[in-house]
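The next block holds one structure in the form of structure tokens; read it before the comments.
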Amino acid sequence: MEHCDDNPLGAYLRDRREKLDPAAFGYPPSRRRTPGLRREEVAQRANVSATWYTWLEQGRGGAPSAEVLERIARALMLSEAEREHLFLLALGRPPEVRYQTAEGVSPRLQRMLDALGACPAYIMTYTWDVVAWNRTAALVLTDYGQLEPKQRNILRLLFCHPHVRTKPRDWESMARFVVAAFRGDVVRAGAGGQVRELVDELSRSSPEFDAMWREHDVRSVYDERAKQIVHPQAGLIGLEYSAFAVNGRPDLCLVIFNPATAEDAERIQALLQPPRVGVQ
């Protein structure tokens, strides 16, 4: 009998297959020697030959392509975590990020944002639409709640919103980083078609964006940076920028701005204090 340690990919495929209910897929409730779907049924759903799929479970025939793995993942109804595990077993790497339209964040993620205290933070999609933020981000960076959802895009704000544009002390450096990191994210997520309208709009309305976009520079959103903003009430605030992947949501990115110094933290804390009520 084949030991699962000798063929972890085959063992995983067989385990996932045997956990599926044939009736849920419209297969007749005939007597089956083993639970779950048959190999030929998975092969049919994945549009591969039954012989080739059998060889794959048996550890024969070499590594499958990423395209075939995607079809097998859909055939087996794998979750995002299970799909990633399948790719790691078969190819030794995770699958490419798949673009999907974000529909907000879970209450747990929002509570995490709110717990960051004096650190402005938000969560954005791979097309750089802000979908969640904490109160500190609204007070220090931009009050996203006062904007229409379409206007909560980092590039639209940076290039087309006069109030936001005046905040960074070195606007051009920040803008160049944003455009280059945005380009990298869009290609990584396979979302080029989804952002074409946004790129065309910004190219028409902002000569600076058009010029930077044509330079084809690429950066990573996960590059750590520092920036200074000029706040209308608090004055100059230094911030350290860090970005993190969101566990279980490959379409989202967590961005945190940490106060650069104790003095910067004090300025932000002052903004968070409720206004004093005058004594009558």
Assign the ring pair Y144 / Y122 to parallel, tilted or perpendicular, where the plane angle (0 to 90°) is split at 30° and 60°. perpendicular
Has E18 got a side-chain atom pairing as donor or acceptor with L13's backbone, closer than 3.5 angstrom? no
Report whether V186 and Y222 are members of the same hydrophobic cluster (ILVMFWY, side-chain heavy atoms less than 4.5 Å apart, transitive linking). yes
Test side chain to side chain contact (heavy atoms under 4.5 Å, CB included) applied to V68 and W52, step by step: CA-CA 11 Å; V68 169; W52 181 88; 3.5 Å; yes
How about S203 and F209: do any of their side-chain heavy atoms sit closer than 4.5 Å? yes
Mark yes or no for whether D217, through its side chain, and A180, through its backbone, hold a donor-acceptor pair below 3.5 Å. no
Do E70 and R83 make a side-chain contact, defined as non-hydrogen atoms from C-beta onward lying under 4.5 Å apart? yes
Look up atom CE in M124 and atom CG in L252, then write down how far apart they are to the nearest 0.5 Å. 10.0 Å
Kindly write out the residues that satisfy side chain to side chain contact (heavy atoms under 4.5 Å, CB included) with L272, not counting sequence neighbours, or none if the list is empty. R135, T136, L139, I268, Q269
Do P95 and L69 touch side chain to side chain, with heavy atoms closer than 4.5 Å? no
If only atom types and distance count, is the side chain of K167 paired as donor or acceptor with the main-chain N or O of L141 below 3.5 Å? yes
Using only atom types and a distance under 3.5 Å, with no angle test, would you say the side chain of R156 pairs donor to acceptor with the backbone of K150? yes
For the residue pair L88 and P94, what are the closest heavy atoms and their distance? CD2-N, 3.5 Å
Is N134 reaching over with its side chain to a backbone N or O of L113, donor-acceptor style, under 3.5 angstrom? yes
OG on S65 to CZ on R71, rounded to 0.5 Å: 6.5 Å
Check whether W55 and L37 end up in the same hydrophobic cluster, where Ile, Leu, Val, Met, Phe, Trp and Tyr are linked by side-chain heavy atoms less than 4.5 Å apart. no
Would you say the rings of Y241 and F177 are close, in the sense that their centroids are separated by under 6.0 Å? yes
Any residue meeting side chain to side chain contact (heavy atoms under 4.5 Å, CB included) with W171, in chain and number order, not counting sequence neighbours: L158, F159, R165, P168, A175, E208, M212
Are V230 and I237 connected into the same hydrophobic cluster when the rule is that any two of I, L, V, M, F, W, Y join if their side-chain heavy atoms are below 4.5 Å apart? no
Using atom types as modelled and distance alone, determine if a side-chain donor or acceptor of N258 lies under 3.5 Å from a backbone N or O of E240. no
Spacing of OG1 belonging to T34 relative to CZ belonging to R39, to within rounding of 0.5 Å: 8.5 Å
So do L76 and V42 actually touch side chain to side chain, heavy atoms under 4.5 Å? yes
Can you name the nearest heavy-atom pair linking C119 to P259, along with the distance? SG-CD, 3.8 Å
If two hydrophobic side chains count as joined below 4.5 Å and joins carry through other members, does V199 share a cluster with V187? no
Checking the side chain of S206 only, and the main-chain atoms of L202 only, is there a donor and an acceptor separated by less than 3.5 Å? no
Taken to the nearest 0.5 Å, the spacing of D129 CG from I123 CD1 works out to 13.5 Å
Is there a continuous path of hydrophobic side-chain contacts, each under 4.5 Å between heavy atoms, that joins V48 to F25? yes
Give me each pair satisfying salt bridge (Lys or Arg N to Asp or Glu O under 4.0 Å) with a member in residues 41-52, each pair once, sequence neighbours excluded. R32-E41, R38-E41
Salt bridge R204-D200, side-chain N to carboxylate O under 4.0 Å: no
For a 4.5 angstrom cut-off between non-hydrogen side-chain atoms, does E82 reach R16? yes
How far does CD of Q110 sit from CE of M112, to the nearest 0.5 angstrom? 8.5 Å
Examine the side chains of T125 and T127 and answer whether a donor and an acceptor come within less than 3.5 Å of each other. yes
Decide yes or no for I154 and V255: does some side-chain heavy atom of the first lie under 4.5 Å from some side-chain heavy atom of the second? no
CG of L9 to CG of L86: how many Å apart, nearest 0.5 Å? 6.5 Å
Salt-bridge criterion met for D114 and R111 (N-O under 4.0 Å): no
Chi angles and distances behind the salt bridge (Lys or Arg N to Asp or Glu O under 4.0 Å) call for R214, D210: CA-CA 6 Å; R214 291 176 185 275; D210 186 56; 3.1 Å; yes
Over all heavy atoms of both residues, which pair between V140 and H231 is shortest? Give the atoms and the distance, please. O-CD2, 3.6 Å
Between V221 and W128, is the side chain to side chain contact (heavy atoms under 4.5 Å, CB included) condition met? List the steps. CA-CA 10 Å; V221 67; W128 290 50; 3.8 Å; yes
Closer than 3.5 angstrom, by distance alone: can the side chain of D223 be matched with the main-chain N or O of A181 as a donor-acceptor pair? no
Within the 3.5 Å criterion, strictly below it, is a donor on E263 or T261 matched to an acceptor on the partner's side chain? yes
